[in-house]
Amino acid sequence: MIAKSMQRNGLILAAFAIVATLLVMLTARLTAEPIAREEQRELLQVLNQLLPAEIHDNDLYASCRLIEHDALANEPTPMYLATLAGEPTAAGIEVVAPNGYSGAIRLLVAIRWDDSVAGVRTLKHQETPGLGDKIERRKSNWITSFNDMTVKGSDDSRWAVKRDGGVFDQFTGATITPRAVVQAVARAVRTFKANKEQWAQQPTNCGGAA
């Protein structure tokens, strides 16, 4: 009798587990598309902040191509090419700083065709609230320090936090985070400068990558 009761209880629990799993899968499927649309909307908003309408007349999201370079990320990463009358004027590149304090930091680095930085925004991070999260534009103006900067070469000493002899402020109690971001942006600008013509010739092929 006890064995049958335990078996029945086990079957009930198993049925509940199956139903719960199916509900989670259904919820994920139903919410995936709205989440993707919202992420696309937010990305487009950031892109159009950094690459304003006066420097492009094309659809930035539709002009995305996946590019590959170890200096940017360890996987193909989106580049959104801005053009005006068919000529390239700038690009927004998703870049990963792998060495943040709490893990990888994903950035959007916008670079004009003359290799100057149009702007940088943080897309995703896990840095410490109140310390490393100052890389977010809504938390501080620090991320705007990159505006109009250029990289003169691999030995451009300006591209470091002040503690390391550069021009970028570090955060009180959090040097690792800004150091990682500065290094990632500098790599992105140098890599863009060396590869932009080739990348601009690539076909648009991001699909749903962003």
Side-chain angles (χ1 to χ4, degrees), residues 28 31-51 60-82 90-112 117-147 149 151 159-161 168-171 174-196 199 202 204-210:
T31 58
E33 188 174 336
I35 289 172
R37 283 199 303 267
E38 179 61 19
E39 288 178 348
Q40 178 182 341
R41 186 193 66 78
E42 291 178 0
L43 177 61
L44 277 171
Q45 186 177 30
V46 174
L47 277 170
N48 284 297
Q49 286 175 1
L50 301 182
L51 302 173
L60 294 173
Y61 197 80
S63 300
C64 175
R65 57 263 290 143
L66 291 176
I67 58 176
E68 295 187 57
H69 201 288
D70 292 342
L72 304 177
N74 59 2
E75 60 185 4
T77 188
M79 182 184 87
Y80 307 91
L81 184 66
I93 305 174
E94 292 190 31
V95 177
V96 174
N99 52 338
Y101 182 77
S102 300
I105 301 168
R106 182 167 287 274
L107 306 163
L108 181 66
V109 181
I111 310 169
R112 302 183 187 95
V117 178
V120 180
R121 291 292 184 272
T122 304
L123 297 178
K124 189 175 183 180
H125 73 90
Q126 303 176 70
E127 301 303 278
T128 307
L131 294 173
D133 66 347
K134 292 174 185 174
I135 57 175
E136 294 182 36
R137 180 65 180 87
R138 64 190 179 91
K139 296 293 180 68
S140 82
N141 292 327
W142 182 84
I143 202 74
T144 64
S145 302
F146 298 101
N147 292 2
M149 290 283 290
V151 179
W159 284 82
V161 295
F168 295 92
D169 290 332
Q170 59 265 347
F171 307 149
T175 301
I176 293 174
T177 302
R179 181 185 287 137
V181 172
V182 170
Q183 292 171 351
V185 176
R187 287 195 302 270
V189 177
R190 286 195 297 266
T191 306
F192 176 79
K193 189 174 184 178
N195 296 277
K196 61 184 177 182
W199 289 341
Q202 290 184 200
T204 55
N205 61 348
C206 287

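Owing to the predicted nature of the structure, the values given are computational and were not obtained by experimental measurement.
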Do you know the tightest heavy-atom contact between [X] and [Y]?
| X | Y | value |
| --- | --- | --- |
| Ala188 | Val95 | CB-CG2, 3.8 Å |
| Ala174 | Leu131 | CB-CB, 4.0 Å |
| Leu51 | Ala91 | CD1-C, 4.0 Å |
| Trp159 | Val185 | CZ3-CG1, 3.6 Å |
| Ala104 | Val96 | CB-CG1, 3.9 Å |
| Ala184 | Ala97 | CB-CB, 3.6 Å |

Point-to-point distance, once rounded to the nearest 0.5 Å, from [atom1] of [X] to [atom2] of [Y]:
| X | Y | atom1 | atom2 | value |
| --- | --- | --- | --- | --- |
| Leu44 | Tyr61 | CG | OH | 7.0 Å |
| Leu50 | Gln45 | CG | CD | 11.0 Å |
| Arg137 | Thr122 | CZ | OG1 | 11.0 Å |
| Ile93 | Ile67 | CD1 | CD1 | 4.5 Å |
| Asn99 | Ile176 | CG | CD1 | 9.0 Å |

Going by heavy atoms in the side chains, are [X] and [Y] under 4.5 Å from each other?
| X | Y | answer |
| --- | --- | --- |
| Ile143 | Val181 | yes |
| Glu136 | Glu127 | no |
| Trp199 | Leu81 | no |
| Thr175 | Tyr101 | no |

Backbone of Ala71 reached by a side-chain donor or acceptor of Thr191 within 3.5 Å: no
Short side-chain to backbone donor-acceptor contact, Gln202 and Leu66, under 3.5 Å: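 Answer holds: yes.
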Pairs involving residues 64-73, ordered by first then second residue, that meet side chain to side chain donor-acceptor pair (under 3.5 Å) (sequence neighbours left out):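 Checked against side chain to side chain donor-acceptor pair (under 3.5 Å) - neighbours excluded - no pair reaches residues 64-73.
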Listed partners of Ser145 passing side-chain contact (heavy atoms from CB on, under 4.5 Å), at least two apart: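 side-chain contact (heavy atoms from CB on, under 4.5 Å) check on Ser145 returns Trp142, Phe168.
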Enclosure of Lys139 NZ (heavy-atom neighbours >12, cutoff 6.0 Å):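 Yes, because the 6.0 Å sphere around NZ of Lys139 holds more than 12 heavy atoms from other groups.
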Show me the side-chain donor-acceptor pairs of residues 105-112 shorter than 3.5 Å, one per line, residues at least two apart or across chains.
from, atom 1, to, atom 2, distance (Å)
Arg106, NH1, Glu94, OE1, 3.3
Arg112, NH1, Ser116, OG, 2.9
Arg112, NH1, Val117, O, 3.3
Arg112, NH1, Asp148, OD1, 3.1
Arg112, NH2, Asp148, OD1, 3.0

